[in-house]
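Predicted model only: the values in this text are computed from it and were never measured.
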Amino acid sequence: MTLITQIEDKGAVVAWSPIGEYADVIALGSKEKGGIGFDDYGGELELYDLNITKEGANNSPTLLGSLKTSTRFGSIAWSTASGASSGIDGSNVTSSGILAGGLLDGTVNLWKPSSIMNDLPDATLASVTLPNNNDNNTNSNSSVAAVSTLKFNPHPDSRHLLATGTSSGHVYMMDCTTPTESTTNIYSPGGEGTKSQGGEITQVSWNSQVSHILASSCANGTVVVWDTRQKKPWCELRCEANCPVSDMKWNPTQGLHMMTASEGGGGHLRLWDLRASTSMPLTTLEGHAGGVLSMDWCPHDETLLVSCGNDNRTLLWDLYSLQPIAEVPNEDVTAVGSAAAAAAGSNGNASDPSSIYGGGLSSSQQKRNDVQWSPLRRGVISTCSFDRKIQAHSVVGLATKCGRPPKWMSPGSGVSCGFGGVVVSIEAQQKVVKIDTIVEHPELVEASEKFETEFAATDCITYCHTMAERAEDDYESQVWSFMQIMFETDAREQLLNYLGFDPEKINQAAMEFNEDGSNPSDAEPIPAMSKDAENAVKDALLVGNFEAAVECCFRSGNYADALVLASCGGAELWAKTQAEYFSREAKRRPFLSLVSAVIHGQLTELVGRSDPKKWRETLAVLSTYGQSEEFPSLCAALGDRLEESGDTANASLCYMCALDLGQAVKYWKITLEDAGTSLLSLQDF
């Protein structure tokens, strides 16, 4: 559901407020008599707050003010018209801007919206009658030409200019610098003597990029682009012979792109590139089965356009693909409609004439004749339909059907922080990338530059070795030594040496070992087993029962013989015999727990039951037997073990071996904080 709110029983022309304070306010100028009778009671100008952003269930439109006019409206426009650069005398204009209404009697009225809202008598600024030019009839009493369209110049320095078009085919400009009847200057953009365009002016539109370029579309199928500075036509587009141009809009960001809508049976939307051709459109958008009655280019995303036509469809277009991506539904929402009808009834409006015939209108009667984007509420459009309903719709969800978010949802700016205080920022409007350096701690920058200078003159290993020699205490020396080892190509071997386990010295000591000072080769041999045990083993081997032979060896205390026999009895027996051997001998020979962990790949369990006081031995085991891919995690586990026991200093050394700088630095930070030293001294730690 796209419908936000609606106002019923209002056949009117609509203008959105361009003022931020009144972003939800629209002005309605009645273009139909209304009611059921035949009497013409003139026109009425009404200001409604649609309460689009109002929270709560009761957000129906609120009538802010109204006034009567001598006749009905042909068009309506609202301008900010504020600020010194707008060109308008601020003595008669408030922050609510200026409302302009083009009436069917050929007059243009200017009002102050704030006075209408507050029901003040000074609401009318001026009422100016346009020249009654008729190229085919010079009689001054000929029929009056209605004001069919009007638009304020959107450029800040030209907001005092109001362009108007009449049913007689003439285009006029009004200078509203001082908006009073006596001072308003009226002239033609083509200069004195400019002839009619040949049919009713259906739309006027100021160029989005150049303030003195104005375009006017005509019911005879032409569009004239005026250069108001040179006071002559710049070019003329012939859209379709004898087919009225019902609407025309400039691209919001490209001043030479224009879209025209044809009211004929083809229902074509034509995109023109005035740089390429004024006789052949750049492309044609086909989606409506009948003529297009109204369309509007999104001011917040130039790739989106909305249109409504005689085929009773309101389409949202993606101008990247040149295809309609969604349809704004026409169905009536009872809850919203009932609330709006009650609000309209409380303001004295007549009931819906269709109720006389038992309700519901046909789909052709519900078709829309006007669509407009809100200039401030992104993704919101207003629609007017022949069944006298003014509706506001949110098309944000529909706009995403093109496969990308609407342009107004894209971030307008961004920032990213890099190393060394580098900050990169972007801003969409400026279309530049800025790179700044923010120095939060100058002393840290100085220390960093000193480090880079010293480090550039040597290599990592030499630098760490030098820092270890300069260390003021043993722990700092250990830190730098461990760091040096991490850069060595044979880091594992270097770590063993640093921990005090020199493989060559250990090998030599083992080879020269003699417990009683005697030569092992001279020792008397120990009897292997008893005669009965030997016979039992021999009999088991004769029948190939290695498992029984191994069991007999265990029972007789000959564990070595059991292991030798198990190696011949298959993998299962070998594993079972190993487990039994470790189980029987582990308590008497503690080193066997290490052998068991290495054989069975249980180094993690070994770390878990290791003695924290003997962490160097445990780290040496990990360095000798740990696989490369598991070594960091094993060192981290040993660090956790030491940290749990309270030895955070040596835990940080294990974290260094695990290359976990975050955990290693944690102890250094605690040390500095306990000493009352700033954390910025970490570089000197």
Who pairs with D105 by salt bridge (Lys or Arg N to Asp or Glu O under 4.0 Å), at least two apart in sequence or on another chain? none

Side chain to side chain contact (heavy atoms under 4.5 Å, CB included) with S382: which residues, sequence neighbours excluded? V14, W16, Q372

Just by modelled atom types, is the H155 backbone N or O under 3.5 Å from a matching donor or acceptor in the S158 side chain? no

The criterion is side chain to side chain contact (heavy atoms under 4.5 Å, CB included); which residues satisfy it with S277, sequence neighbours excluded? S279, M280

Donor-acceptor pair between N330 and K367 side chains, under 3.5 angstrom: no

Flag, side chain of N153 to backbone of S211, donor-acceptor distance under 3.5 Å: yes

Atom pair NZ (K151) and CG (L161), whose distance is rounded to the nearest 0.5 Å: 15.0 Å

Testing the basics here: between L237 and M258, what is the closest heavy-atom pair and its distance to 0.1 Å? CD1-SD, 3.8 Å

Nearest 0.5 angstrom please: Y22 OH to S95 OG, how far? 5.5 Å

Counting C-beta onward and ignoring hydrogens, is there a side-chain heavy-atom pair between R238 and E236 closer than 4.5 Å? yes

Atom CG of D247 and atom CE of M295: how far apart are they, to the nearest 0.5 Å? 5.0 Å

Do I213 and V225 have side chains that approach each other closer than 4.5 Å (heavy atoms only, starting at C-beta)? yes

By salt bridge (Lys or Arg N to Asp or Glu O under 4.0 Å), D24 pairs with (sequence neighbours left out) R377

Which one of V147, L103, L150 satisfies the side chain to side chain contact (heavy atoms under 4.5 Å, CB included) criterion with L130? V147

Only counting residues at least two apart or in another chain, list the ones meeting side-chain hydrogen bond (donor to acceptor under 3.5 Å, both in side chains) with S262. R270

Measure the spacing between CG of L282 and CG of L271 and express it to the nearest 0.5 Å. 5.0 Å

Between V292 and C308, what is the shortest heavy-atom contact and its length? CG1-O, 3.5 Å

Is R72 salt-bridged to E44, cutoff N-O under 4.0 Å? no

With a 3.5 Å distance limit and no angle check, can you tell me whether N109 reaches the backbone of G101 through a side-chain donor-acceptor pair? no

Using the rule given for side chain to side chain contact (heavy atoms under 4.5 Å, CB included), can you reason through L99 versus L47, listing the C-alpha separation, both sets of side-chain angles and the distance that settles it, and then say yes or no? CA-CA 11 Å; L99 262 174; L47 301 184; 3.7 Å; yes

Do you know the tightest heavy-atom contact between H170 and I201? O-CG1, 3.7 Å

Scanning both residues in full, the closest heavy-atom pair of F152 with A100 reads CE1-CB, 3.6 Å

Below 4.5 Å, heavy atoms only, C-beta onward: do H393 and T5 meet side chain to side chain? no

Residues that T149 engages under side-chain hydrogen bond (donor to acceptor under 3.5 Å, both in side chains), provided they are two or more places apart: Q203

Is the backbone of A289 close enough, under 3.5 Å, to the side chain of D311 for a donor and an acceptor to pair up by distance? yes

Heavy-atom donor-acceptor pair, T260 side chain to M248 backbone, under 3.5 Å: no

Sequence-distant partners of T166, side-chain hydrogen bond (donor to acceptor under 3.5 Å, both in side chains), two or more places apart: S168

Would you check, one step at a time, whether the test side chain to side chain contact (heavy atoms under 4.5 Å, CB included) holds for W373 with V306? CA-CA 8 Å; W373 292 91; V306 64; 3.4 Å; yes

Can any side-chain N or O of N207 pair as donor or acceptor with the backbone N or O of V210 at less than 3.5 Å? yes

Is the shortest side-chain heavy-atom distance between L50 and P61 below 4.5 Å? yes

Salt-bridge criterion met for K10 and E8 (N-O under 4.0 Å): no

Counterpart residues, side chain to side chain contact (heavy atoms under 4.5 Å, CB included), relative to N251 (two or more places apart): T253, Q254, H257, W297, E302

Under a 4.5 Å cut-off applied to non-hydrogen side-chain atoms, are V171 and T164 in contact? no

When you compare the side chain of K249 with that of D296, does any pair of heavy atoms fall below 4.5 Å? yes

Going by the rule salt bridge (Lys or Arg N to Asp or Glu O under 4.0 Å), which residues pair with D227 if we only count those two or more places apart in sequence or in a different chain? none

Main-chain N/O of S96 paired to W78 side chain as donor or acceptor, under 3.5 Å: yes

Would you say the side-chain atoms of H300 pair up with the backbone N or O of P375, donor to acceptor, closer than 3.5 Å? yes

OG1 (T400) and CG (L398) are apart, to the nearest 0.5 Å, by 7.5 Å

I'd like to know if the side chain of R388 reaches the main chain of D9, judged simply by a donor and an acceptor atom lying under 3.5 Å from each other, with no hydrogens or angles considered. yes

Side-chain touch C218/V224, heavy atoms, less than 4.5 angstrom: no

SB check R368 D370 (cutoff 4.0 Å): no

Least distance between heavy atoms, V204 atom then G165 atom: CG1-N, 4.3 Å

Identify the two heavy atoms, one from G169 and one from S196, that lie closest to each other, and give their separation to 0.1 Å. CA-OG, 3.4 Å

Report the residues that fulfil side chain to side chain contact (heavy atoms under 4.5 Å, CB included) with E286, sequence neighbours left out, ordered by chain and then residue number. H268, T284

Do K68 and L45 pass the side chain to side chain contact (heavy atoms under 4.5 Å, CB included) test, and can you show the C-alpha distance, the side-chain angles, and the key distance before you say yes or no? CA-CA 6 Å; K68 295 291 184 178; L45 173 63; over 6 Å; no

Where do S307 and H288 land on the side chain to side chain donor-acceptor pair (under 3.5 Å) test, with the steps shown first? CA-CA 9 Å; S307 64; H288 286 285; 2.7 Å; yes

Parallel, tilted or perpendicular for W111 and F73, by the 30°/60° rule? tilted

Checking Q6 side chain against S60 main chain: does a donor-acceptor pair fall under 3.5 Å? no

Which residues share a salt bridge (Lys or Arg N to Asp or Glu O under 4.0 Å) with R378, sequence neighbours left out: none

Any donor-acceptor N or O pair under 3.5 Å, side chains S217, T202: yes

Side chain to side chain, T80 and R159, heavy atoms closer than 4.5 Å: yes

Checking W226 now: which residues fulfil side-chain hydrogen bond (donor to acceptor under 3.5 Å, both in side chains) with it, not counting sequence neighbours? S216

Without hydrogens or angle criteria, can the side chains of T303 and R404 be said to hold a donor-acceptor pair below 3.5 Å? yes

Take I98 and L125 through the test side chain to side chain contact (heavy atoms under 4.5 Å, CB included) and record every step on the way to the result. CA-CA 9 Å; I98 294 180; L125 291 172; 4.3 Å; yes

